[in-house]
Structures are given as C-alpha cells and as structure tokens.
Asker: 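What follows is a single structure, and I will ask about it in a moment.
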Amino acid sequence: MANYKNIETAFIHGGIYGDKNTGAVNVPIYQTSTYEQDGLGQDRGWEYSRTGNPTRAALEALIAELEHGKAGFAFGSGMAAITAVLSLFHAGDKIIISSNVYGGTFRVLDKVFNSFEISYSIEDTTNLQTLETKITPDVKAILIESPANPLLTITDIKGVADLAKKHNILSIVDNTFMTPYLQRPLELGVDIVVHSATKYLGGHSDVVSGLVVVNDEKLAERIAFIQNSTGGVLGPFDSFLLIRGIKTLGVRMDRHVSNAEKAVEFLQNHKAVKKVYYPGLKDAQGYEINKKQAKNGGAMISFELYENYDIKKFFSSLKLIALAESLGGVESLVCHPASMTHASIPYETRQKIGITDGLIRLSIGIENIDDLIDDLKQAIEESER
Ligand SMILES: *Cc1c(COP(=O)(O)O)cnc(C)c1O
C-alpha cells in the first residue's frame, strides 16, 4: 500500500491503485463475465463476475478503506445494497427505522420484506431514552440516517451504536448524505454502513450504484454470500465510474459545503424565508451532536417560504437550478418533498412531521455560488404574490 495518512490521499490512492500488469495509473475496466481457468480446479482467483470482478473488487477495497471497515461490497443501486443488508434477517425479526428514513428503504420493508414476515417499526431515533424502550426481544437491528431527509434531522450515531451493542442487535447507518469524508459511522461503533453511491460518491449524476461496508469478518462473509446469491452486483464500467468519481470527492465536498454555507446565509437573511434547516446552523436540531460526529453540516439544505410566496412559481422560475429528484451531483438540484420524495405520506402526517407544502430541498452543487444565489434570488422575487 502507498504511504499516506490522510483521507484526501486515500480517495486517489486507496484500495487497489492502478494496474500491476501494465503500469496504468487507473484500474482497467475488466468488461468480462467469466475467466479462463488453467485446468480443472485451477482458476487464477477469478471465476465468474457475479462472484468477483477486478474492477468491482478495486472499488470494494477502496470504500472499505475510506469507511475504515474490513470489507466493502458494490451493488447495482443503493436499494440493492440496502436489500442485501436486510436479507441478513429472518421471519419474525423486527427492524427499527428512523421516522424519516429514505422512502425507498421504507417501501422495501413495507411492501417486500413484509411478505417474508420481517417487520419494522418507525421510531424517533433522535431520543435515545425512548428509543431504548422500543427494543423488544424481536428487534434485531436499528437502521438510521443522520442527517435524515428532508428536515436534516440528526441522530446520535454513537448513542445508537452503543444501544445496539448493549442489546446485542445490529446498528446500520445510511451514510449517503455525509460520505466517509465528512462522517465515518464504523469508527463510532456502527456495524454496517450503506450508501447510495449514486449521490455524492459518484458525484456526477451519471451512475446508479450502492455500497455496503462492514467491520466484522463474520458479517463480511454473510454479506458476500448474499451478494453472490442474490446477484445485485455493480457492473465493471459503473465500478470504474465510481472509482473515478471518488478520486475528486474531497475537493468536491469542500466546494459543496462552502457553497451550502453561503446559500444558507443568503436564505436566512431573506425576508421571504420562514425557516432554514441545515445541521451546520447553531440553532439547528442536533447541532452539537452533528459537530461531534461529522466534519461539518454537509451540503443539503431545506427551507420554507412564507405563504405569500407561490411555490409553483418559485420552481418554474429557477433558470439554473434544476427541478429533479436525487442529490449529491456537481449540479445543483431542487425538489419539493411534499409532492415528490414524500408524496406517499398522508397530508396530515406530513404537517405533523414538518414536511409542509412550502418546504423546498436544495442539493447545492459546485457551480459558482454567486450564480446559484442570483438564481434563488430572482426565483423568490418572481414568486411573490
Ligand atoms: C437515493 C438514496 C437511496 C437509494 O439509492 P438508489 O441508488 O437510488 O437506489 C438510499 N438512501 C438514501 C439516503 C438516498 O438518498
């Protein structure tokens, strides 16, 4: 392994670097499904690409190193990664999820794993005391996100990991919003980290992918078995794209975050803005906890406009920031949680949990921040009734 101490260098040199055979500085795209064997029972370490592929293996070694885990696994989407993790459980098991977990995670539990008699309960994971009272004997895992969508709610990751250890169950963190550059849950005692690498890790909105990292050999063996058995693996070309994306993760995140901090400042000082949700704000829910467990507040922002601003007009007036689902790409994206990502939640429930019709979620890209602020400014002006 190369000699370095810092994660910024690991983004570029981590895992398996380059190609021993040719000296190529990049891991080649091994676009192959199978490998010729030298004789019966004499393969060269590779048999079939569902089981293992050198390009995917380089990515898996890289994410394991970045999250400070023992083993990494790459899947065809974040949902495939989460599905593989949920496949660890048995009929009769229950999984606690935070109240604002990613919609797809809720859906796969509610509509797919439900048929296999794996149940879930939705709890407020920000309160560790009440959370502990929910750990009944059938509960086998707690799955959280911090920050969680769309109000960027913070959960004490180490607190949840400690609770899980005490009750001998698994803790799972979806680290999509922070990436290992800003937050490393395994270091806080968590058992399993999952990622939608579609977002910041890929970073260019050009690949759908998911990753799992674990810190325990036994758990690694079980995930490897599930990955090979169920087969939702990431292809060689997409693995290459992800390795390529991760090389610039450090510089991209620095710019994402500094842009986000400036956008937050602009929004907070605008008369049209009722509330800004950003974990880097001193008066934000969980500010102190986030400061302990993450490098900074990240680059996702939610905000609410006053009722005398027409939300439809605001979205249609944006000229640079695109209205789209997803996040974490170099381009800024905006979405309307009430009608897009959280539309499946009934109206009354949405009001109760703070997902009002005036709520706007921004994924701040790495464009020049002045252009982004100009776009927000003119769209807010256009939307005034
Ligand atoms: C997007 C997302 C997922 C799902 O990932 P896909 O790559 O879209 O399957 C899971 N968790 C979070 C937090 C996400 O943002």
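One-based numbering along the sequence shown. Values in this document were obtained by computation on a predicted structure and should not be read as measured data. Counting starts at 1 for both ligands and their atoms, following the listed order.
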Asker: Return the set of residues passing salt bridge (charged side-chain N to carboxylate O under 4.0 Å, His left out) with R184 (not counting sequence neighbours), or none when no residue passes.
Answerer: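 For R184 the salt bridge (charged side-chain N to carboxylate O under 4.0 Å, His left out) partners, ignoring immediate neighbours, are E187.
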Asker: I'd like to check I157 versus V190 (side-chain heavy atoms, cut-off strictly below 4.5 Å). Are they in contact?
Answerer: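 They are in side-chain contact.
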Asker: What residues, two or more places apart in sequence or in another chain, satisfy ring-ring contact (aromatic ring centres under 6.0 Å, His included) together with Y17?
Answerer: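 Result, ring-ring contact (aromatic ring centres under 6.0 Å, His included) vs Y17: H13.
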Asker: Tabulated below should be the N or O atoms of ligand 1 paired with protein N or O atoms at under 3.5 Å; can you produce that?
Answerer:
| unit_1 | atom_1 | unit_2 | atom_2 | d |
| --- | --- | --- | --- | --- |
| ligand 1 | 5 (O) | S196 | OG | 2.9 |
| ligand 1 | 7 (O) | G78 | N | 2.9 |
| ligand 1 | 7 (O) | S196 | OG | 2.9 |
| ligand 1 | 7 (O) | T198 | OG1 | 2.7 |
| ligand 1 | 9 (O) | G78 | N | 3.0 |
| ligand 1 | 9 (O) | M79 | N | 2.9 |
| ligand 1 | 11 (N) | D174 | OD2 | 2.6 |
| ligand 1 | 15 (O) | K199 | NZ | 2.7 |

Asker: Mark yes or no: K199 above the aromatic ring of Y102, with NZ or CZ under 6.0 Å from the six-membered ring centre and no more than 45 degrees from the axis.
Answerer: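 Output yes; distance and angle both within limits.
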Asker: Is the shortest heavy-atom distance from the side chain of F73 to the side chain of V213 under 4.5 Å?
Answerer: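 With C-beta onward as the side chain, the pair stays apart.
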Asker: Would you please name every residue forming a salt bridge (charged side-chain N to carboxylate O under 4.0 Å, His left out) with E382, sequence neighbours left out?
Answerer: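 Per chain and number, E382 pairs via salt bridge (charged side-chain N to carboxylate O under 4.0 Å, His left out) with K313.
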